[in-house]
Amino acid sequence: MTASPVLAERATASACPACIAAPSAERLAASGDLKDARLVLSLPTAHCAVCISDVERTLGGYPGVRSARVNLTMKRVSVEAEPDVTAEDLIAALDGIGYEAHELDPGMLSATETDRRGRDLLMRIGVAGFAMMNIMLLSIAVWSGAQDATRDLFHWISAAIALPTVIFAGQPFFASAWTSLKARRLGMDVPISLAIILASSISVYETMHSGHHAYFDAAVMLTFFLLVGRYLDYRTRAVARSAAEELAALEVARATVLRDGAEHVVPVGELMPGDLVRIRPGARVPADGEVVEGTSEMDRSVLTGESLPVWAGPGVTLSTGEVNLTGPLTLRVTAAGRDSSLHRMAELVSLAESAKNKYTSLAERAARAYSPLVHLLSFAAFAFWMWRTGGDMRYAVNISAAVLIITCPCALGLAVPAVVTAASGKLFRGGMLIKDGTALERLAEVDTVVFDKTGTLTQGTPEPVNLSDLSSKVLPVAAALAGASSHPLARALADGAAAMGVTLAGVTDLREVPGYGIEGQWQGCRVRLGRADWLGAEAGDVTATHLGIEGQPPVSIRFADRLRPGAEDAVRAFQAQGKPVWLVSGDVEGAVARLAERLGITNWRAGVLPLEKAALVGDLTAGGHRVLMVGDGLNDTAALAAAHVSISPASALDAARTASDIVLLGQDLAPVAEAVRISTKARRRIKENFAISLMYNVVAVPIALVGLATPLAAALAMSLSSITVSLNSLRLK
């Protein structure tokens with residue numbers, strides 16, 4: 001149960017649930033790249049500029065480190081260092097200044113982490129907006145009565161500004177439209193591109209023939225508003241990264257294999273069933289297998305989500321990614337690489353994410369029918385007026401362009417992202433971060449809620465509950481033994497005793513027994529703190545550690561987890577809405593049953609593994625339910641990705657947060673239920689926006705068809721509909 005001070009420090013650095021990363025300097029050395037060892041560390045607790053300064057200053061001053069750059073948005077630090085600098089060294093350095101850090105394998109992460117597309121859209125919006133304002137100034141002069149040569153001059157200046165702007169700023173639409181046409185389909189960007197090109201072409205034609213009207217302002221205005229809509233839509237989706245990618249970055253890259261009595265470091269991909277692997281204290285399990293030699297305790301939070309270590313010895317099965325805390329182990333491999341449990345979990349998440357990405361928003365579904373209709377109306381208007389005017393192509397093209405512009409799906413494109421942006425802002429102020437553009441729509445459809453236990457409904461920190469029942473003779477001995485250990489239960493016991501002002505007993509000759517606990521001498525008697533079977537105590541179904549004093553019966557010290565603030569309110573709110581609530585956990589049955597009884601949850605399961613969690617969500621979904629999954633651990637990622645919609649606390653692991661659609665920023669769980677209410681209102685606003693777009697087209701399209709709207713008037717009407725949709729969306733605030 002315990003660890004010596006040296007081993008405790010090493011275990012703390014490497015045994016955290018998220019710290020299941022690939023080797024760095026050793027891996028690069030093996031590949032022959034000895035110039036730089038690029039290390040990437042996750043910084044889950046970094047949140048401000050002071051954090052950036054502290055981390056960069058500490059790592060920059062570490063011997064062998066050449067540079068350290070923190071990306072606060074990604075909560076990561078990239079380090080360039082000498083090959084002999086390891087991630088464990090840097091993690092220990094950061095732990096010394098109070099920052100939690102975990103290594104990630106840079107080779108398994110995205111090739112780039114920069115928001116290039118977002119910056120590109122913003123740049124084009126800026127260019128289009130600046131050009132639009134200048135062209136409008138020139139247009140005002142024409143509207144005010146400029147004639148002949150003066151009018152033509154203003155038109156030519158407008159053309160000099162508008163044409164390069166349209167070519168540059170409209171590239172996202174032109175590229176998408178060209179791709180659609182090559183695939184022989186009509187996407188939403190086809191009518192958009194055609195409208196921009198027609199407005200610009202007519203304007204050039206009118207300017208060349210000294211026409212009274214040119215519509216360069218319409219073309220640029222159209223481009224500007226469409227780019228704004230595109231950026232809003234992009235931002236609602238850009239926050240989320242692939243959880244499968246995060247899981248892959250957590251896989252072990254190399255293992256120590258025992259062959260002919262000697263140790264050999266080999267890539268995990270070369271491991272075969274039957275190989276013997278040596279796992280030292282503080283190291284991660286590189287493959288699934290069975291322990292054949294040694295005893296220790298394992299951090300299994302990667303699979304179960306539970307922070308309390310479990311005993312491991314001969315015959316015990318271990319899974320990839322678990323962390324060995326105290327004693328050396330020899331493992332016989334049963335599955336490695338792509339066959340390992342961690343890799344199967346990553347594949348399951350990837351498949352679930354792919355299925356989720358196929359979810360099509362209301363706007364996209366409407367666009368399938370809308371785009372062909374727009375072209376048909378425009379072509380019909382051109383054909384009719386060519387016949388009606390006896391072949392006046394100039395007049396017919398103007399009306400055709402006006403129809404195409406006035407029916408341009410800008411308001412339709414804004415209908416969803418404008419609402420999502422407004423609702424996201426409201427939820428953000430309430431402590432919820434929306435990551436996916438369709439999450440609000442799906443959240444409004446939820447009829448069943450599944451909660452993880454540890455770290456979600458509870459805070460994941462054990463708390464002793466019966467210290468006051470211990471005698472004044474026993475408690476100082478227990479506190480002294482606990483103070484020499486880094487085990488989570490021991491730390492909680494030591495902190496609880498310190499809070500009570502307990503004076504430590506004079507325990508000497510402290511010695512760790514890997515996988516069992518810690519022992520020492522007190523007043524000539526042997527004293528032990530650790531596992532029940534080590535002390536001859538009854539294990540029971542309650543989280544506990546046990547104190548044994550030679551010649552006396554063992555004493556059990558029980559622990560309970562603290563309930564997360566707002567957990568009771570959230571559960572009651574969902575039950576009041578008529579939504580069944582499930583509690584699913586990898587913890588022992590007794591602990592889960594007591595929490596379920598306390599919260600009034602009748603549907604609960606204990607001792608559940610990750611794939612079983614995902615299977616439960618799948619079964620509920622197959623039964624016609626729309627499931628909201630709330631979880632925080634790496635073991636929850638498959639279930640989070642498979643659910644109809646998912647939420648993770650900000651304290652969750654990176655992989656869990658990226659698999660979820662919504663992140664709970666604070667400790668209070670109550671906003672989870674409030675998010676469902678807001679999502680219902682958001683869905684109503686989306687439907688209202690579609691109704692506004694429909695009514696606008698019902699009124700505006702006939703006006704354009706009969707020739708009462710110029711391309712400029714059409715662009716202004718289109719812009720007015722977009723503004724109306726945006727204002728309706730802002731009502732959510």
Inset, instruction - Kindly indicate whether the side chain of Phe224, heavy atoms from C-beta on, has any atom under 4.5 Å from the side chain of Arg124. - result: no

Inset, instruction - Examine distances only and state if a side-chain atom of Ser648 and a backbone atom of Asp632 form a donor-acceptor pair shorter than 3.5 Å. - result: no

Legend entry - Within-4.5 Å side-chain heavy-atom neighbours: Val627 and Trp582: no

Legend entry - Smallest separation among heavy atoms of Ala570 and Ala673, with atom names: O-CB, 4.3 Å

Inset, instruction - May I ask you to test the Lys681-Ile678 pair for a side-chain heavy-atom distance under 4.5 Å? - result: no

Legend entry - Polar side-chain atom of Asn728 near backbone of Thr724 as donor-acceptor pair, under 3.5 Å: no

Legend entry - Heavy-atom check, side chain of Lys579 versus side chain of Val676, under 4.5 Å: yes

Inset, instruction - Can you measure from CD1 (Ile52) to CZ (Arg69) and round to the nearest 0.5 angstrom? - result: 9.5 Å

Inset, instruction - Output yes when a side-chain donor or acceptor of Asp217 lies under 3.5 Å from a complementary backbone atom of Met136, and no otherwise. - result: no

Legend entry - Exam field: side chain Ser139 to backbone Ile135, donor-acceptor pair closer than 3.5 Å: yes

Inset, instruction - First locate atom CE of Met629, then atom CG of Leu616, and finally report the distance between them rounded to the nearest 0.5 Å. - result: 8.5 Å

Legend entry - Exercise: identify the closest heavy-atom pair between Phe216 and His155: CE1-O, 3.4 Å

Inset, instruction - Please confirm whether the backbone N or O of Val397 pairs with a side-chain atom of Trp385, one donor and one acceptor, at under 3.5 Å? - result: no

Inset, instruction - State, yes or no, whether a side-chain contact exists between Asn689 and Ile686 at a heavy-atom distance under 4.5 Å. - result: no

Legend entry - Stepwise side-chain contact (heavy atoms from CB on, under 4.5 Å) check, Tyr696 with Val725: CA-CA 11 Å; Tyr696 156 76; Val725 165; over 6 Å; no

Inset, instruction - Can you run down the salt bridge (charged side-chain N to carboxylate O under 4.0 Å, His left out) pairs that involve residues 692-702, sequence neighbours left out, and say none if there aren't any? - result: none

Legend entry - Minimal non-hydrogen separation, Asp661 against Arg442, with atom names: OD2-NH1, 3.3 Å

Inset, instruction - Drop me the distance from Ile125's CD1 to Leu227's CG, to the nearest 0.5 angstrom. - result: 5.5 Å

Legend entry - Expected output: side-chain Ser378 to main-chain Ser400 donor-acceptor under 3.5 Å: yes

Inset, instruction - Please report the closest heavy-atom contact between Ser210 and Arg151, naming both atoms and the distance. - result: O-NH2, 3.2 Å

Legend entry - Distance-minimising heavy-atom pair for Val403 and Ala381: CG2-CB, 4.0 Å

Legend entry - Residue pair Phe574 / Val446, side-chain heavy-atom distance below 4.5 Å: no

Legend entry - Side-chain heavy atoms of Val617 within contact of Thr621, under 4.5 Å: yes

Inset, instruction - Take atom CE of Met695 as the centre, draw a 6.0 Å sphere, and report whether it contains more than 12 heavy atoms from other residues, nucleotides or ligands. - result: no

Legend entry - Euclidean distance, Ile406 CD1 relative to Ile399 CD1, rounded to 0.5 Å: 12.0 Å

Inset, instruction - Report the C-alpha separation of Thr150 and Leu153 in whole Å, then their side-chain angles, then the decisive distance to 0.1 Å, and conclude whether the side-chain contact (heavy atoms from CB on, under 4.5 Å) test is met. - result: CA-CA 5 Å; Thr150 304; Leu153 176 62; 5.7 Å; no

Inset, instruction - Could you tell me which non-hydrogen atom of Met432 sits nearest to which non-hydrogen atom of Ile647, and how far apart they are? - result: CE-CD1, 3.9 Å

Under 3.5 Å, which donor-acceptor pairs link side chains of residues 162-178 to any protein atom two or more places apart or in another chain?
unit_1: Thr165; atom_1: OG1; unit_2: Ile161; atom_2: O; d: 2.7
unit_1: Ser176; atom_1: OG; unit_2: Asp189; atom_2: OD2; d: 2.6

